[in-house]
Structures are given as structure tokens and as C-alpha cells.
Amino acid sequence: MKLSKTFVAAATTAIIATNAMAADIFVIGGKPDDPFWSRVKMGAEDAGKVAEAQGGSVTWLGPQNYDNLGPDAAELIRQAIDQGADAIVGPDWVPEAMDPAFEAVVAAGIPLVIYNAGGIEAADRLGAMNYVGAVDYKSGYAGGEYLSNAGHKNGACVNTLPGAANIEAFCNGFNDGLAAGGGTGSVLQLPATAFGDATAVAQAVRAHLLQNPDIDAMFAIGDGDTNATVSGVAQAGKAGQVHVCGMNFNDSILNNIQQGTQACAIDQQGYQQGFFAVSILNNFVNYGVTIPTREILTGPGVIDASNVELVIAGVKAGAR
């Protein structure tokens, strides 16, 4: 989804008329080649078109990898401060490592929005203006509840980013969603180097299923890992027996759901996370505009066979 040329032109005209001050906004996010984070980045940059028309800018800062996620992200936050950010957007992935850096943002008088991870609790704790994103626990819970309602009783959450608070929340929510329907959940914990490594995840899933033949449901914490989990299920000879749900989606995920090799995907609308967070800060810096709703939720939504065709149409239209 992109801003139309007409909209940008109209916004530019209005901006010139009001002589608004420029806002240099820094956005901390994931690797830009990460499929989910590329959509978040697009949303932030599309909102940034208005900031740029005002003479401002949007700068994306992401880690090279996820091996040392908390400390690396904290360093990016400090870089944004040092580079003179007028406002900062960031996810609270690993609070113990990142909170001191966020506290430095607020202490410096720089407006802050927490997005994607941490929830309104992190925004309140840190003194941020808003939280934009899904509630991580509820996202995982939605997946567990869905599979439980479909009759699955023994599930495992594939965690490839151990120590990340949002990922732990996904898995806790998934396990609780299964438990609410009388099932049992567990966690297959892998090293962070496995995140996005399709071969490593698939092999680990295959081995885990062969060692634990009672498992009939699996949950993955990102679209790449979900595809790998589906592959691991097939390699274990469990296709059609072990149903898979996972966070986020891409073209392969939608095809999986169409073909029946994946039960569902949990959508947290990454584009909206980036777009809303940047828009909120740009309007605040320029005009003092605040949003009375401090928790702006973008999910969770469930994509399954009942609505996958509509989602595909939305992707083709550039709206998803």
C-alpha cells in the first residue's frame, strides 16, 4: 500500500502553506531484508513522504543480524540520539538491554513511540507517547486457540529468537491458547542463528516430531520460519497430521494456506505499524497533535482458508 501521488501533492501544498517545522524521525527495526520488516519499513517510508515534503526525513536503522539482538538494538537507539533525532520509533524486543537506551531518549526530551513489541506496558514504563502494534501474547494465543478449536491437543512453538520478549510472549500465548481448549503446549527452542535458516529449522522440526510423535500442532514466530516448519513437518512424514500456524505472511504462506499445507497465519499488519508510528510522531513534532488512544492495535487477525483469497486480492492491490 502506497500513498497516492494526489495525496502526497495535496499534503505538500498544505505543508508549504503552514510553514511547519521539519521532523527528522529515526525508526529502529529489523533487518530490511527480513520479509516482515521490509513491510514495516515500507509503511514507515510511505508515511515519511509527508515528513520529507516538510523538509524532514525518516531514517531506518536495523541490525545486521539477530545474534545479539538486545545490545545491538540498544546501540542503534543511542546512534539515533547522537545523530540528532527529533523523534524515535522503536520496538522493545529485549527490555533488560534496551530500556536504558529508551530511557535516555525520553531524558533527552525526544518524543518516543514504541511499536511492534513491548505493548502499552512498555510505553507506560518508558514514558513513550504511544504503542503501535499487536499484543504479542494475544497473537500467540490466537494461533493456539485456532488450532485447539480445530481439535489439536499437543502443540510446540518453534522459538528461534530466545530471550526476545515478544517471541517469548508469542510462545506463552500459543501454549495458553491450546491449554484453554484442553490441550498442552511446549517450546522447541533453537539458537538465534537458526532464525531465517530454513534448513536448520526444518531439520530441527523434523527431528522433534520424530522424537515426539504425539505432537499434532506447531506454531512459528515468523513467515520464514513458518515455511521451514511446514517443510519439516513434511520431511517427518506428518503432512496432514501436524497442522501449522505462524506469525505474519508472505506469498509462500498464502499459497500454503490455499493448498492446505498450513492451517493459519496470524497477521499483525506490519505496514500499518510503520506507517502509524511515523505519522504520529511527525504530526506531534510539527503541530503538537497527540492521539488520545495510546494503544493503537494492528492485530492479531487470523488468515485461513475462509479469507485467504481476499487477502491475496489485497496483496495484488498493494493494500496488504
Side-chain angles (χ1 to χ4, degrees), residues 25-48 58-80 85 88-95 97-99 101-102 105 112-119 122 131-136 139-140 158-171 190-198 200-201 220-228 246-253 265-278 281 298-300 320:
I25 301 169
F26 282 69
V27 183
I28 313 303
K31 298 192 302 177
D33 62 347
D34 180 317
F36 171 76
W37 283 102
S38 67
R39 289 194 290 276
V40 180
K41 184 172 183 283
M42 181 183 293
E45 291 176 342
D46 279 355
V58 170
T59 300
W60 182 272
L61 298 177
Q64 295 299 309
N65 56 58
Y66 299 136
D67 296 350
N68 195 35
L69 184 59
D72 286 351
E75 178 57 29
L76 293 176
I77 296 165
R78 294 188 176 94
Q79 285 181 26
I88 293 175
V89 179
D92 198 17
W93 287 316
V94 186
M98 298 175 67
D99 279 7
F102 281 130
V105 172
L112 171 68
V113 165
I114 300 296
Y115 80 148
N116 178 258
Y131 171 73
V132 180
V135 177
D136 303 319
S139 294
V158 184
N159 184 348
T160 52
L161 287 173
N166 59 322
I167 306 304
E168 303 288 346
F170 288 152
C171 288
L190 303 178
T193 51
F195 180 83
D197 185 334
V201 173
I221 55 89
D223 42 14
D225 285 353
T226 302
N227 277 321
M247 290 300 307
N248 310 324
F249 70 89
N250 55 25
D251 289 343
S252 295
I253 296 296
I266 306 301
D267 185 14
Q268 56 177 322
Q269 298 189 101
Y271 178 96
Q272 299 282 51
Q273 293 179 15
F275 187 90
F276 288 150
V278 169
L281 286 173
T298 63
R320 297 296 298 271

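Bear in mind the structure is a predicted one, so any value in this text is a computation, not a measurement.
- The shortest non-hydrogen separation linking Ala194 to Val201 is O-CG2, 3.4 Å.
- Proximity of a side-chain donor or acceptor of Gln268 to a complementary backbone N or O of Thr298 within less than 3.5 Å is not detected.
- Put simply, the side chain of Asp223 does not reach to within 4.5 Å of the side chain of Phe249, judged on heavy atoms.
- Side-chain contact between Asn250 and Asn227 is present, with at least one heavy-atom pair separated by less than 4.5 Å.
- A pairwise comparison of heavy atoms in Asp92 and Ala122 identifies OD2-CB, 3.6 Å as the closest pair.
- The two residues Val58 and Gly48 come nearest to each other via the heavy atoms CG2-CA, 3.5 Å.
- In this structure, Lys41 and Trp60 approach most closely via the heavy-atom pair CA-CZ3, 3.5 Å.
- Using a 4.5 Å heavy-atom cutoff, the side chains of Met247 and Thr226 are not in contact.
- Taking the side chain as every heavy atom from C-beta outward, Ile167 and Trp93 never approach each other to under 4.5 Å.
- The minimum heavy-atom distance linking Ala169 with Asp136 is given by the pair CB-CB, 3.7 Å.
- When the side chain to side chain contact (heavy atoms under 4.5 Å, CB included) test is applied to Thr59, the partners found at least two apart in sequence or on another chain are Phe26, Ser57, Leu61.
- Closest of all the heavy-atom pairs between Asn248 and Gly222 is ND2-CA, 4.2 Å.
- Annotation: side chain of Val132 is in contact with side chain of Val113 (closest heavy-atom distance under 4.5 Å).
- The closest side-chain heavy-atom distance from Ile114 to Phe102 is below 4.5 Å.
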Got a list of side-chain donor-acceptor pairs under 3.5 Å for residues 63-79, not counting sequence neighbours?
| from | atom 1 | to | atom 2 | distance (Å) |
| --- | --- | --- | --- | --- |
| Asn65 | OD1 | Asp67 | N | 3.1 |
| Tyr66 | OH | Lys31 | N | 2.9 |
| Tyr66 | OH | Asp34 | OD2 | 3.0 |

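- Thr160 pairs by the side-chain hydrogen bond (donor to acceptor under 3.5 Å, both in side chains) definition with Asp225, not counting sequence neighbours.
- For the atom pair CZ of Phe36 and OH of Tyr271, the computed distance is 13.5 Å after rounding to the nearest 0.5 Å.
- Not a single donor-acceptor pair under 3.5 Å links the side chain of Tyr115 to the backbone N or O of Gly118.
- With contacts defined as side-chain heavy-atom distances shorter than 4.5 Å, the pair Phe275/Gln269 does not qualify.
- The side-chain heavy atoms of Ile28 and Pro91, taken from C-beta on, include a pair separated by under 4.5 Å.
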